[in-house]
Enquirer: 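First the structure, then my questions, so here it is.
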Number of protein chains: 2
Amino acid sequence: MSVRTGGGGEVRNTRQRRAVSQALASLEDFISTQDLHALLRERGESVSLATTYRILQSMSELGELDVLRGGDGEAIYRRCAAEHHHHHLVCRRCGAAVELEAPTVEEWAGRTAAAHGFTEVDHTIEITGLCAACSARRADG
Amino acid sequence: MSVRTGGGGEVRNTRQRRAVSQALASLEDFISTQDLHALLRERGESVSLATTYRILQSMSELGELDVLRGGDGEAIYRRCAAEHHHHHLVCRRCGAAVELEAPTVEEWAGRTAAAHGFTEVDHTIEITGLCAACSARRADG
DNA sequence: TTCACTGCAAATGCTTTGCAGCGCC
DNA sequence: GGCGCTGCAAAGCATTTGCAGTGAA
């Protein structure tokens, strides 16, 4: 018999949690746990890798973060934005990212899923390529 | 010496490769490498786990298979029914998958990327939800 | 015959977990 | 003061890889 502690989840405001939160707040795009951990170390915030994993996991469970899977299965997180859903165009060489609005695609996704009888639909769209700068660099040689 | 040594692809028709092919042909939906390996063992086809990984990887590189990432980052495969690029609508409960054509989205992705100066564009679109059957089951239950 | 393919097992790399001490509430 | 949180390091998993023998072409 479990006793529900008031409110459902006590989350303590620790230095580590604050560091992770702030780091995420300063980022525009998705980042992997490993990279975030490296970033924290660069900034002089000492948070162990295990704790980074635990905090990120905890935050995503609380709905404070968006979780995605990188191409190689790595979990990547982003501060849960925002008011509205959008996607990204990412340079696979330098990592530059552009935020995209895709009303047409959103609509298509919903419509298509509904047409197949699906409910509670969610979607992920990622576009990768070489940004203008990297394309030029490559063309130059 | 082979006529085309370039890049690739002499693929020998081995017992193991045939076993994997046939197993995939008998499946409707996505399956993980581990599960496929277990299935092969059940059927009495002895193919080592490492080889299962190698064959699946090889087949997906040749475009004979669709690859997806399960919720926990596991790679899951399915025989590729369509010949050209397409996307999937996957039930997050039972794993049922529907292949989608998305000319509009493809076009949008290309156009948008180009507008931002991106080249060599690639994209990933995944739509998840509850399929009709699972939706009904939930409504009933 | 040749060389890709296999099996085996050790190695990787990401993520999780047991345990003891620390700090937030 | 209690107990969740941390750090550390070892464990756990899926996946990859080195090596030598096997079999397809």
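Computation of the quantities below employed the complete heavy-atom set of this structure, encompassing side-chain atoms and omitting hydrogens, waters and symmetry-equivalent molecules. Each chain gets a letter, A, B and so on, in the order the sequences are listed, and its residues count up from 1.
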Enquirer: From the options B:Glu106, B:Glu99, B:Glu101, select the one residue that forms a side-chain hydrogen bond (donor to acceptor under 3.5 Å, both in side chains) with B:His87.
Expert: B:Glu106
Enquirer: In whole angstrom, give the distance that lies between atom CD of A:Gln16 and atom C1' of D:dG4.
Expert: 12 Å
Enquirer: What about B:Val20 and B:Tyr53, same hydrophobic cluster or not, with Ile/Leu/Val/Met/Phe/Trp/Tyr joined at side-chain heavy-atom distances under 4.5 Å?
Expert: no
Enquirer: Enter the distance from A:Leu36:CG to A:Arg78:CZ here, rounded to the nearest 0.5 Å.
Expert: 14.5 Å
Enquirer: Summarise how protein sits on nucleotides 20-25 of chain D as a single string, 5' to 3': B when a protein heavy atom is under 4.0 Å from the base, S for sugar-phosphate-only contact, - for no contact.
Expert: ---BBS
Enquirer: For DNA chain D, find the residues of residues 43-57 of chain A with a heavy-atom distance under 4.0 Å and give them by number; none if there aren't any.
Expert: A:Ser46, A:Val47, A:Ser48, A:Ala50, A:Thr51, A:Arg54, A:Ile55
Enquirer: In this structure, how many angstroms lie between the P atom of D:dT16 and the NE2 atom of B:His37, rounded?
Expert: 15 Å
Enquirer: Shoot me the first and last contacting nucleotide of DNA chain C against chain B, ordered 5' to 3', at under 4.0 angstrom to non-hydrogen atoms.
Expert: C:dC3 to C:dA9
Enquirer: Backbone N or O of B:Ser46 within a donor-acceptor pair of the B:Arg15 side chain at under 3.5 Å?
Expert: yes
Enquirer: So which one's nearest nucleotide on DNA chain D is more toward 5', A:Arg17 or B:Ala75?
Expert: A:Arg17
Enquirer: If you round to the nearest 0.5 Å, how far is CE of A:Met59 from OG of A:Ser21?
Expert: 3.5 Å
Enquirer: Closer than 3.5 angstrom, by distance alone: can the side chain of B:Thr112 be matched with the main-chain N or O of B:Ala109 as a donor-acceptor pair?
Expert: no
Enquirer: I want to check something: taking the side chain as every heavy atom from C-beta on, are B:Ile31 and B:Leu24 in contact at a cut-off of under 4.5 Å?
Expert: yes
Enquirer: Indicate yes or no for a side-chain donor-acceptor contact from B:Ser135 to the backbone of B:Leu130 under 3.5 Å, with no hydrogens or angles considered.
Expert: yes
Enquirer: At what distance, to the nearest 0.5 angstrom, does NE2 of B:His123 lie from CG of A:Leu89?
Expert: 12.0 Å
Enquirer: State whether the number of non-hydrogen atoms from other residues, nucleotides or ligands found under 6.0 Å of B:Arg41 atom CZ is greater than 12.
Expert: no
